[in-house]
Protein chains: 2
Amino acid sequence: MRTPAELTTAFRSLGLKVTPQRQLLFRLLHDNTTHPTAEALFEVASAQMPGISLRTVYQTLTDLAGMGELQSFAFGGGAIRFDPNVGAHHHQVCVSCDEISDVYVDGVDQLNVSPRNASDAHSFTVASTDIVFRGRCMRCADTV
Amino acid sequence: MRTPAELTTAFRSLGLKVTPQRQLLFRLLHDNTTHPTAEALFEVASAQMPGISLRTVYQTLTDLAGMGELQSFAFGGGAIRFDPNVGAHHHQVCVSCDEISDVYVDGVDQLNVSPRNASDAHSFTVASTDIVFRGRCMRCADTV
DNA sequence: ACCTTATTTGCATCTCATGCGAACTGCCAA
DNA sequence: TTGGCAGTTCGCATGAGATGCAAATAAGGT
Ligand SMILES: [Mn+2]
Ligand SMILES: [Mn+2]
Ligand SMILES: [Zn+2]
Ligand SMILES: [Zn+2]
């Protein structure tokens with residue numbers, strides 16, 4: 001996603017208002033690599049702006065995602081994760097501590113996909129590919 | 001997952017009972033390639049066994065998954081999907097009709113993963129890889 | 001400074017899923 | 001065949017995550 005300053009301009013030019021709540025979330029999301037949930041962001045935001053509502057956090061995240069400034073994913077562990085990194089990348093998830101990290105994978109577009117039945121061949125037009133590696137992060141590998 | 005007959009033996013040998021509800025679900029799941037939700041299975045089961053409870057469907061699905069007879073996935077579209085195909089395979093999801101199909105992908109273990117920072121190299125032990133292709137199925141490609 | 005319009009917020013509502021316990025039943029043992 | 005224990009079913013309560021709604025509030029152009 002773009003910088004808080006750029007988002008400020010973008011919002012105004014769309015007739016959207018730049019509120020303190022939104023400015024705070026712009027800042028909390030910029031360069032955020034933790035793939036936070038809405039509730040996680042709400043916790044951090046509340047510390048800096050007591051009284052901000054969870055509803056507003058959801059609202060702003062949904063708006064940003066709709067504008068293409070955020071991606072969102074449903075990893076199996078409950079709430080949806082938001083990601084300001086909208087470039088092409090994939091994820092590794094630690095099954096022990098649930099940490100989600102960005103990874104970059106070569107040759108994704110060259111993956112050779114074969115359907116179960118030959119009759120299904122070429123029956124699907126791929127628009128995007130999501131890869132999730134599950135395993136153990138360095139920190140959790142020791143504490144087996 | 002194994003056949004209803006095999007599951008019957010397996011359940012009994014674990015001290016678990018083989019009820020009519022479970023037998024029905026064994027049958028409905030065997031060779032099922034639709035990646036159904038619990039609610040979807042409940043609908044089909046109810047037609048054949050009026051009075052079966054949604055709670056029992058969830059219970060049995062959870063038990064089967066725990067025994068390794070089913071996989072479960074959270075694609076973004078709401079409820080968890082169950083999959084009796086426990087072999088190594090991946091999925092393509094139609095963004096238009098939400099149909100989920102099995103696909104088999106070559107070279108998954110040879111994917112070259114590069115973390116964002118060199119310092120993170122070799123910091124993750126991959127246990128499994130899930131690939132989801134999103135796009136349009138043959139049927140929905142026409143009706144753009 | 002004013003006024004229009006977007007936003008915030010609290011509360012209700014919704015979906016999906018699990019906890020709980022009374023009633024029920026599979027199935028083994030006598 | 002029958003008795004009885006242990007595992008199951010089922011309905012209802014509860015919980016998490018997320019969205020609908022409308023009154024109160026505030027941004028920002030004029
Ligand atoms: Mn990411
Ligand atoms: Mn599958
Ligand atoms: Zn970890
Ligand atoms: Zn389709």
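We name chains A, B, ... by the order of the sequence lines, and we start the count at 1 in each one. Just so it is clear, the values below take in all heavy atoms, side chains as well, and ignore hydrogens, waters and symmetry mates.
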Give a yes or no on whether a donor-acceptor pair under 3.5 Å exists between the nucleobase atoms of dG19(C), that is its base, and the side chain of Arg55(B).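 Indeed, a donor on one side and an acceptor on the other fall under 3.5 Å apart.
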Once you apply a heavy-atom cut-off of 4.0 Å, does Gln21(A) come out as touching a base, just sugar-phosphate, or nothing?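 The residue Gln21(A) makes sugar-phosphate contact but no base contact.
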Describe the nucleic acid contact of Ile80(B) in one word from base, sugar-phosphate, nothing, applying a heavy-atom distance below 4.0 Å.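 If one applies the 4.0 Å heavy-atom cut-off, Ile80(B) turns out to touch the sugar-phosphate alone, with no base involved.
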Atom [atom1] of [X] to atom [atom2] of [N]: distance rounded to whole Å?
{"X": "Gln59(A)", "N": "dC11(C)", "atom1": "CD", "atom2": "P", "answer": "17 Å"}
{"X": "Phe42(A)", "N": "dA16(D)", "atom1": "CZ", "atom2": "P", "answer": "15 Å"}
{"X": "Leu14(B)", "N": "dT8(D)", "atom1": "CG", "atom2": "C1'", "answer": "15 Å"}
{"X": "Asp63(A)", "N": "dT19(D)", "atom1": "CG", "atom2": "P", "answer": "11 Å"}
{"X": "Phe11(A)", "N": "dG29(D)", "atom1": "CZ", "atom2": "P", "answer": "15 Å"}
{"X": "Leu61(A)", "N": "dT7(C)", "atom1": "CG", "atom2": "P", "answer": "15 Å"}
{"X": "Met49(B)", "N": "dT9(D)", "atom1": "CE", "atom2": "P", "answer": "10 Å"}
{"X": "Leu25(B)", "N": "dT9(D)", "atom1": "CG", "atom2": "P", "answer": "9 Å"}

Just checking, any donor-acceptor pair under 3.5 angstrom between side chains of His90(A) and Asp102(A)?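 Looking only at side-chain atoms, Asp102(A) and His90(A) do not form any donor-acceptor pair under 3.5 Å.
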Is it the case that His35(B) and Asn85(B) place a side-chain donor and acceptor less than 3.5 Å from each other?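 No, no side-chain donor-acceptor pair sits under 3.5 Å.
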Quick one: is Thr56(B) getting a side-chain N or O under 4.0 Å of the dC10(D) phosphate, OP1 or OP2?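 Affirmative; the distance criterion is met.
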Hey, does the side chain of Tyr58(B) come within less than 4.0 Å of dA17(C)'s phosphate (OP1/OP2), counting only N and O?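 Yes.
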Do the side chain of Glu6(B) and the main chain of Thr3(B) share a donor and acceptor less than 3.5 angstrom apart?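 Yes, Glu6(B) side chain to Thr3(B) backbone: donor-acceptor pair under 3.5 Å.
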Return yes if some donor-acceptor pair links the side-chain N/O of Ser13(B) with the main-chain N/O of Ala10(B) below 3.5 Å, else return no.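 Pair found, side chain donor or acceptor close to backbone of Ala10(B).
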For nucleotides 22-28 of chain C, 5' to 3', base contacts (B), sugar-phosphate-only contacts (S) and non-contacts (-) with protein non-hydrogen atoms under 4.0 Å give ----BS-
Phe75(A) and His91(A) aromatic centres sub-6.0 Å: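 Yes; His91(A) has its ring centre under 6.0 Å from that of Phe75(A).
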May I ask you to check whether Tyr58(A) and Phe42(A) place their ring centres under 6.0 Å from each other?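 Centroid distance Phe42(A)-Tyr58(A): not below 6.0 Å, so no.
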Candidate pair Glu39(B) and Leu54(B), rule side chain to side chain contact (heavy atoms under 4.5 Å, CB included), full reasoning: CA-CA 7 Å; Glu39(B) 305 253 1; Leu54(B) 177 58; 3.8 Å; yes
Please tell me which of Leu54(B) and Arg22(B) maps to the more 5' nucleotide of DNA chain D, matching each residue to the nucleotide holding its nearest heavy atom.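 Here Arg22(B) is the residue nearer the 5' end.
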